[in-house]
Amino acid sequence: MPDWRIPLSDLDYGVEEEAAVLRVLKNNWISMGPEVLTFEREFAKFLGIKHAIALTNCTAALNLSYMGLGFRAGDEIIQPAINFVSAANMTVAVGATPVFADILSLDEPTIDPSDIEHRITKNTKAVVVMHYGGYPARMADISNICKKHNLALIEDACHAIGARYNDSNGRHPNNLMVGNLGDIACFSFFSNKNLATGEGGMIVTNQDDLAGRLRLLRSHGMTTQTWDRHQRGHASSYNVVSHGNNFRFDELRAALGRCQLQKLNQKNSLRRELVLVYRRKLAALEGWIIPFNDYQGDSAYHLMVVLPPNEKDRLQAEEAMNKAGIQTSLHYPSIPDFSAFNWLKATGLEISKSFARRVITLPLFPRMTTEQVKEICSFLCKAARNKPIRMPAKKLK
Ligand SMILES: *Cc1c(COP(=O)(O)O)cnc(C)c1O
């Protein structure tokens, strides 16, 4: 692992996590069992939602969503072009077709409701939104479109655990947390997420029928689980009532997840403080865009991203930072530009393409210091001021 002076993200484990993992080891049961059940209950309570189902990862959660909703070949799922590739890959995995919609703007890189509506056909079955960086998508508009056209609404909420949704007036309609805004929401506990267990995920819904189906499909469509049989004795049999998969979670990571959930709100506030410092310090950068700078609502502050004026400035800023030991990343390349998605011949995604060419992700994690943020900002301001020096030599003659 390269030794970055300031890494992009960092784990934040303490004695609680150590004790939790040891507790599980001593219990002598490590596959799905009581810790997973408790984690699911606590997670559901945290979100104020009826059902939470723990899974191996969020990619499995997205796959399970599509399976549970019965999507198949010929179905179209509208989703943002700027996203991690999971939602699109899982669309193809169930035989359906991803239809990419553009983002609203460079300043608000979540899916554009009017472009969703524009791309609806008789084959459209669902819309997937992604709450970029922890900032909720335009859910009031999107939810209306889905109701009008009878489409399922799925939240890829990987960035937004702990965020609350506000309408365009900055109010909390029904005070809902992200995860409650569609039919199903999917979360990830991958190691760089706000709640980290290494690998892991959660699928949540308020619908009883759907939750039952998702639970069955999580574990082969079997009517009883190993844990039930273990408790009841080895003789009990089971039926298989549908063709599911094995997306089960385990006790060690559930124990980690429970600790991380306890600390989540506090860690999200730490992230918020750091983002505010970033914004104050970068405000002077001319021609740079700081997405969600004027966003009125809540966020989980998962990512801090900036857009230099053009691709060349981006490459230069990135290179300078990386040389100085500051890790950067890119969230995300535009999915239809990946070679595996060429066959879709997607068009009309100019804002997404432009965003992907310019975006840089800067370090952000709860244990980061204000000094580290300030250092990165002065670095970027210097890089931006040096601009005239980079004028082509020919022109200077
Ligand atoms: C991390 C992430 C995923 C994938 O989650 P895994 O748990 O790694 O499968 C999907 N979508 C978004 C937006 C993510 O950030």
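Numbering of ligands and ligand atoms starts at 1, following listing order.
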| query | Aromatic ring centroids of Y301 and Y278 under 6.0 Å? | reply | no
| field | R258 bridged to E35 by N-O distance under 4.0 Å | value | yes
| query | Has ligand 1 got any nitrogen or oxygen that is less than 3.5 angstrom from a nitrogen or oxygen of F189? | reply | no
| So which bit of N57 gets within less than 4.0 Å of ligand 1, heavy atoms only: side chain, backbone, both or neither? | both
| query | Given A87, S188, C158, which one has a non-hydrogen atom that is nearest to atom 8 (O) of ligand 1? | reply | S188
| How far is atom 11 (N) of ligand 1 from its nearest protein heavy atom, and which residue and atom is that? | D156 OD2, 2.8 Å
| note | So CD1 of I203 and NE2 of H51: to nearest 0.5 Å the spacing works out to 12.0 Å
| query | Which atoms of ligand 1 sit under 4.0 Å from any heavy atom of G200? | reply | 7 (O)
| message | The criterion is salt bridge (charged side-chain N to carboxylate O under 4.0 Å, His left out); which residues satisfy it with D107, sequence neighbours excluded? | response | none
| query | Just wondering, more than 12 heavy atoms not from Q262 lying within 6.0 Å of its CD? | reply | no
| request: For atom NZ of K353, decide whether the heavy atoms of other residues, nucleotides or ligands shown that lie under 6.0 angstrom number more than 12. | output: yes
| note | closest protein heavy atom to atom 2 (C) of ligand 1 is K193 NZ, 2.7 Å
| Between F187 and ligand 1, which part of the residue brings a heavy atom under 4.0 Å of the ligand: side chain, backbone, both or neither? | neither
| With atoms numbered from 1 as shown, which atoms in ligand 1 lie under 4.0 angstrom from a non-hydrogen atom of H159? | 13 (C), 15 (O)
| task | Using a strict cut-off of 4.0 Å, indicate which atoms of ligand 1 neighbour a heavy atom of S86. | result | 3 (C), 4 (C), 10 (C)
| field | Distance (rounded to the nearest 0.5 Å) between E17 CD and Q260 CD | value | 5.0 Å
| Close aromatic pair by centroid cut-off 6.0 Å: F355 and Y132 | yes
| Quick one: which ligand 1 atoms are inside 4.0 Å of a heavy atom on T59? | 4 (C), 6 (P), 9 (O)
| note | Per-atom filter on ligand 1: closer than 4.0 angstrom to a heavy atom of M130 are 13 (C)
